[in-house]
Peer 1: 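Once you've had a glance at the structure underneath, I'll fire off some questions.
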Amino acid sequence: MSPTTTEETTLLSLDELAAHFAAAARALWPQVDPVVQFEAPRRAEFGDVATNVAFGLARVARKKPQEIAEAIAARALDHPAVRSTVAEATAVAGFINLRLVPAFWQDVIAAALREGAAFGRGTPTGERISLEFGSANPTGPLVVVQGRTLSVGDTLAKTMRHAGYDVFTEWIINDAGSQMDALGRSLYARYRQLFDPAYPFPEDGYPGDYLIPVAEALRARDGERWLTVSIEDATAPIAQFARDTLVAGQQAVAHRFHVGYDLWQSEKALHDAGAIERGIQRLRDLGVLYEKDGATWLRTTDAGDDEDRVVIRSDGRPTYFANDIAYHYEKLQRAGHVVDFLGPDHHGYIKRLDALANAYGRPGAFEVILVQQITLKRGDEILSMSKRAGTLITLEEVIDEVGVDAARFFFVMLSTDQPLTFDLELAKKQSNDNPVYYVQYGHARIASVLRKARALHADALVAAERGQGLAALTDPAELALARRLADFGPTVASVARARAPHRLPKYAREVAADFHQFYDACRVLTDDPATTTSRLGLCIATKTVLATTLALCGVSAPDSM
RNA sequence: GCGGUCGUAGCUCAAUUGGAUAGAGCAACAGGCUACGAACUUGUAGGUUGGGGGUUCGAGUCCCUCCGACCGCACCA
């Protein structure tokens, strides 16, 4: 929040308030240099904002936190600017709790009305950060499990952008290696089966039904052409067709799921462009590779890995890790910090990436976010998902069943470090209980009020849009809602900093709850133009914050439902 | 066997990274519309944070140890 001056009083921002309290502490104990931060306390009855500085000072000051808190609060209140912003300051159990003047909160609403969709934006950090998430193999459709990573990754990307980061999102298409061979032979078999149902399916193939329509598409394009081509000669071009078709399908589902990427990076393209050699050559130049048993190794044990890892096999072929090395080297060229979303089965990679970052002279540049597993259930039955076994529930099926909004909100809502049980029966049955509708209902309710206002209170609505008359906002329910809206920026910042997108749906729910309570307590459209104007302003600001929060979650904000 | 992640209300999950009396939703029970959308709202009940020990002003959070769940331990990808 920026400092704002009105005619009668000077209001301090939270940062300025913090600076005054820090100065007060220094005046009392010159040997300390405390960091003061005012945040919304856990419980509203503790005040509007609170700080716990006194605890940190207890040792140096050789006093009880409570006495320190009292002394600092008293000292800070000596300053007239502090007194004009703070309505009440109390020291409780070592915390300093502040109740701020209504004008402070009215100012927040004015800012929200002025800034609209830009409300809550952080100042640009100047840091370019790469986010890779999703990255399924191009051998099948996206499945439910990817819905979680897609939702979480996309929401984190959008939120970090709002918080001021320069975010670059990417997806690696794993289209190099033996799995492409298996895919090609699988599709070849499916294609032959269109003409001869008895044609054998390869043992190591991908048996799911999803390749059948792909085979039909191949026949539609090429007719009987491949019947006369041997499997050896057909595998590569057919694998290419399968890969292109399946990736296009993945991209379509991601798009439908409101997930956007800046780059879909083909691993094969990296090979073809010589990126593998480049990345490894860089390591060689840095002198961090060594030869043993005819293979080339990277000393990952220095970063705490169990054993060193092979980069180039003794037969000269690069390992999968070599591909990763190359890809991450590419990422380092375009970003100062690189984040990977990985499943729990890849946790062994963390040490490897640490070692790699060290080797490149960019320690700490690689960050891994582990997204815990999803166990799929249908009722009491646990479903094991396997592309090999051909049992899969696609993301698209789930979207068809519960809708994009409910699915996105559900997946984002959960912290990534908590394993999740997804019950398909329950998801279907409870999709109507999804909190997303509670939030969307709040948005639609406001839209409805605004429609009515446009018809019956046009003057008040115009004044409200200009941010006029907000000084009339004094009701506890009005101020509670305003305080919540003020927390939007800090919430966005905390989501970005802690990589914790699940706080966003929670916040959206709190905004909606505060709005519904306000709506219940205060009639918006009244005979009194001043009251109507101020409350319409609060409604518009709330609608903006709800819409922005939902947009960050990849969820729509309907005007009616 | 070694290593990793996790364990919070009947269910699904929070707890702003070590801070105040561990909070929400769902389910249960009891209330609230002749006014702007009741997909709303007010209240009640629900807990030894898997067990035990430790660190300190202060622990769901950090350390140790058991129990339990899941996942890794390739010159596979």
Side-chain angles (χ1 to χ4, degrees), chain A residues 39-43 45-46 50 52 55-56 58-59 64-66 92-95 97 137 139 174 176-180 182 267 292-297 304-307 309-324 343-351 370 372-373 375 410 413-415 417-423 426 430 432-435 437-442 444-453 456-457 487 490-491 493-495 497-498 500 502-503 505-507 509-510 512-513 515-517 519-526 532 535-536 539 560-561:
Chain A
E39 293 176 330
R42 266 154 86 142
R43 301 161 68 102
E45 62 251 43
F46 292 137
N52 61 358
F55 291 98
R59 187 160 306 176
K64 289 179 185 163
Q66 172 64 15
V92 182
F95 291 86
N97 299 331
N137 285 330
T139 52
N174 211 310
S178 60
Q179 54 185 343
M180 283 298 98
E267 193 183 330
K292 192 184 84 180
D293 304 333
T296 305
W297 302 67
D305 203 357
D306 296 338
E307 48 188 335
R309 302 292 164 177
V310 171
V311 178
I312 311 231
R313 298 182 181 89
S314 44
D315 64 7
R317 287 159 48 237
T319 62
Y320 178 77
F321 184 41
N323 298 342
D324 250 6
D345 49 333
H346 284 80
H347 71 258
Y349 262 68
I350 298 175
K351 295 281 169 57
L370 282 185
Q372 289 298 326
Q373 238 205 342
T375 310
F410 176 78
M413 204 163 54
L414 306 169
S415 162
D417 48 35
Q418 206 64 228
L420 151 69
T421 314
F422 191 84
D423 187 334
L426 212 60
Q430 292 192 342
N432 282 333
D433 298 329
N434 192 307
Y437 299 119
Y438 179 84
V439 178
Q440 289 181 323
Y441 179 64
R445 216 181 194 186
I446 296 173
S448 171
V449 172
L450 296 182
R451 277 193 296 272
K452 189 148 284 187
L456 303 175
H457 302 266
D487 213 29
T491 299
S494 94
V495 166
R497 188 176 357 98
H502 68 276
R503 286 179 195 161
K506 183 172 173 252
Y507 175 74
R509 217 199 168 281
E510 288 166 345
F515 171 73
H516 288 310
Q517 282 161 34
Y519 186 85
D520 201 56
C522 305
R523 190 177 163 80
V524 178
L525 305 177
T526 67
T532 303
R535 289 180 176 167
L536 279 174
C539 282
S560 65
M561 50 193 290

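A quick note: this is a predicted structure, and the numbers were derived from the prediction, not measured. Proteins come first, then strands; the chains are lettered A, B, ... in the order of their sequence lines, and each starts at number 1.
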Peer 1: Using the six-membered base ring of B/A20, report whether A/Phe95 stacks on it, requiring centroids under 5.5 Å and planes under 30° apart.
Peer 2: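 Base of B/A20: stacked against A/Phe95.
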Peer 1: Calculate the interatomic distance between A/Arg523 atom CZ and B/C40 atom P; express it in whole Å.
Peer 2: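 Distance, rounded to whole Å: 20 Å.
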Peer 1: Is B/U17 in the syn or the anti form, by the rule that syn lies within 90° of 0?
Peer 2: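 Here B/U17 takes the syn form, which means its glycosidic angle is within 90° of 0.
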Peer 1: Among the candidates B/U41, B/G37, B/C36, find the nucleotide nearest to the side-chain atoms of A/Tyr441.
Peer 2: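 From the listed options, B/G37 comes nearest.
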Peer 1: Going by an N to O cut-off under 4.0 Å, is there a salt bridge joining A/Arg317 and A/Asp315?
Peer 2: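 Yes.
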Peer 1: Using a 4.0 Å heavy-atom cut-off across all strands, classify A/Pro344 as base, sugar-phosphate, or nothing.
Peer 2: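 If one applies the 4.0 Å heavy-atom cut-off, A/Pro344 turns out to touch the sugar-phosphate alone, with no base involved.
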Peer 1: Can you tell me how far C1' in B/A15 sits from the matching atom in B/U49, rounded to whole Å?
Peer 2: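 Pairwise C1' distance, B/A15 against B/U49, rounds to 11 Å.
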Peer 1: So, OP1 or OP2 of B/U42: does either fall under 4.0 Å of a side-chain N or O from A/Gln517?
Peer 2: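 For B/U42, OP1 or OP2 has a side-chain N or O of A/Gln517 closer than 4.0 Å.
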Peer 1: Suppose we call a contact any N or O donor and acceptor under 3.5 Å apart; does that hold for the side chain of A/Ser314 and the base of B/C75?
Peer 2: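 Side chain to base: pair found, below 3.5 Å.
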Peer 1: Mind checking if A/Ala50 touches a base, just sugar-phosphate, or nothing, with heavy atoms under 4.0 Å?
Peer 2: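 Contact class for A/Ala50: base.
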Peer 1: Of all the nucleotides listed (B/G25, B/U17, B/C36), which has the minimum atom distance to the side chain of A/Glu39?
Peer 2: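 From the listed options, B/U17 comes nearest.
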Peer 1: Reading RNA chain B from 5' onward, which residue's closest nucleotide shows up sooner: A/Tyr437 or A/Asn97?
Peer 2: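 By nearest-heavy-atom nucleotide position, the 5'-most residue is A/Asn97.
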Peer 1: Looking at B/C36, B/U16, B/C40, which one has an atom nearest to any side-chain atom of A/Arg503?
Peer 2: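 The closest nucleotide is B/U16.
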Peer 1: Take atom NE2 of A/His346 and atom P of B/C71, then tell me their distance rounded to the nearest Å.
Peer 2: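 Spelled out: NE2 on A/His346 to P on B/C71 is 14 Å.
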Peer 1: Given B/G37, is OP1 or OP2 found less than 4.0 Å from the side-chain N or O atoms of A/Ser448?
Peer 2: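 It does, given that an N or O in the side chain of A/Ser448 lies less than 4.0 Å from OP1 or OP2 of B/G37.
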Peer 1: Using purine N1 to pyrimidine N3 plus N6-O4 or O6-N4 for Watson-Crick, or N1-O2 and O6-N3 for G-U wobble, each under 3.5 Å, what pairs with B/U56?
Peer 2: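 With both distances under 3.5 Å required, B/U56 matches none.
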Peer 1: Should A/Arg43 be listed as having a side-chain N or O under 4.0 Å from OP1 or OP2 of B/G23?
Peer 2: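 True: A/Arg43 side-chain N/O within range (under 4.0 Å) of B/G23 OP1/OP2.
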Peer 1: Does A/Tyr438 reach a base, just sugar-phosphate, or nothing at all? Heavy atoms under 4.0 Å.
Peer 2: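 Since only primed, P, OP1 and OP2 atoms lie under 4.0 Å of A/Tyr438, the category is sugar-phosphate.
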Peer 1: According to the Watson-Crick and G-U wobble definitions, with both distances under 3.5 Å, which nucleotide is paired to B/G3?
Peer 2: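 The answer is B/C71, by the H-bond criterion.
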Peer 1: Which nucleotide, in any strand shown, forms a Watson-Crick or G-U wobble pair with B/A20, with both distances under 3.5 Å?
Peer 2: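 Answer to the pairing question: none, since B/A20 forms no Watson-Crick or G-U pair.
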Peer 1: Tell me whether the side-chain N or O atoms of A/His347 pair up with the base of B/G3 as donor and acceptor below 3.5 Å, since no angle test is needed here.
Peer 2: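 Such a pair is found, so the answer is yes.
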Peer 1: State whether A/Arg59 places a side-chain N or O below 4.0 Å from either non-bridging phosphate oxygen (OP1 or OP2) of B/C57.
Peer 2: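 Checking B/C57 against A/Arg59, a side-chain N or O does come within under 4.0 Å of OP1 or OP2.
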Peer 1: In whole Å, I'd like the distance from the CZ atom of A/Phe55 to the P atom of B/A59.
Peer 2: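 Those two atoms, CZ and P, are 12 Å apart.
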Peer 1: For A/Ala498, report the nucleic acid contact type (base, sugar-phosphate, nothing); a contact means any heavy atom under 4.0 Å.
Peer 2: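 The residue A/Ala498 makes base contact.
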Peer 1: Rounded to whole angstroms, how far apart are CZ on A/Arg42 and P on B/G19?
Peer 2: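 Result: 8 Å.
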Peer 1: Heavy atoms under 4.0 Å, any strand shown: does A/Glu510 hit a base, just sugar-phosphate, or nothing?
Peer 2: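 Nothing, no nucleic acid heavy atom in range.
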Peer 1: Would you mind classifying the nucleic acid contact of A/Ala93 as base, sugar-phosphate or nothing, using non-hydrogen atoms under 4.0 angstrom?
Peer 2: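 Nothing, no heavy atom under 4.0 Å.
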Peer 1: Both distances under 3.5 Å, Watson-Crick or G-U wobble: report the partner of B/A38, or none.
Peer 2: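 Answer to the pairing question: none, since B/A38 forms no Watson-Crick or G-U pair.
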Peer 1: Using purine N1 to pyrimidine N3 plus N6-O4 or O6-N4 for Watson-Crick, or N1-O2 and O6-N3 for G-U wobble, both under 3.5 Å, which nucleotide pairs with B/G25?
Peer 2: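 The answer is B/C11, by the H-bond criterion.
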Peer 1: Is any N or O donor-acceptor pair between the side chain of A/Tyr349 and the base of B/A77 shorter than 3.5 Å?
Peer 2: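 Answer yes: a donor N or O sits under 3.5 Å from an acceptor.
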Peer 1: Is there a side-chain contact between A/Thr139 and A/Met180, using heavy atoms and a 4.5 Å cut-off?
Peer 2: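 Yes, at least one pair of side-chain atoms sits under 4.5 Å.
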Peer 1: At 4.0 Å (heavy atoms only), tell me whether A/Asn323 reaches a base, stays on the sugar-phosphate, or touches nothing.
Peer 2: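 No contact.
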Peer 1: Select base, sugar-phosphate, or nothing to describe what A/Ser415 touches, counting heavy atoms under 4.0 Å on all strands.
Peer 2: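 Sugar-phosphate contact only - A/Ser415 comes under 4.0 Å of backbone atoms but never of a base.
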Peer 1: Do any side-chain nitrogens or oxygens of A/Gln418 fall under 4.0 Å of OP1 or OP2 in B/G7?
Peer 2: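 For B/G7, OP1/OP2 do have a side-chain N/O of A/Gln418 under 4.0 Å.
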Peer 1: Looking at B/A74, B/C36, B/A77, which one has an atom nearest to any side-chain atom of A/Glu307?
Peer 2: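 Given the options B/A74, B/C36, B/A77, the side chain of A/Glu307 is closest to B/A74.
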Peer 1: Quick one: label A/Leu370 by what it contacts on the DNA or RNA (base, sugar-phosphate, nothing), any heavy atom closer than 4.0 Å.
Peer 2: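 No contact at all - A/Leu370 keeps every heavy atom at 4.0 Å or more from the nucleic acid.
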Peer 1: Categorize A/Pro41 for me: base, sugar-phosphate, or nothing, with a 4.0 angstrom heavy-atom threshold over every strand shown.
Peer 2: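 The residue A/Pro41 makes base contact.
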Peer 1: Describe the nucleic acid contact of A/Phe321 in one word from base, sugar-phosphate, nothing, applying a heavy-atom distance below 4.0 Å.
Peer 2: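 Counting heavy atoms under 4.0 Å across all strands, no contact is made by A/Phe321.
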Peer 1: Pick the closest RNA chain B nucleotide for A/Arg313 and for A/Met413 by heavy atoms, then say which residue is nearer the 5' end.
Peer 2: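 Going by which nucleotide is closer to the 5' end, it is A/Met413.
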Peer 1: Separation of A/Asp345 atom CG from B/A69 atom P, in whole Å?
Peer 2: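 The answer, rounded to whole Å, is 20 Å.
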Peer 1: So, is A/Arg445 near the phosphate of B/A38, with a side-chain N or O under 4.0 Å from OP1 or OP2?
Peer 2: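 Result: yes.
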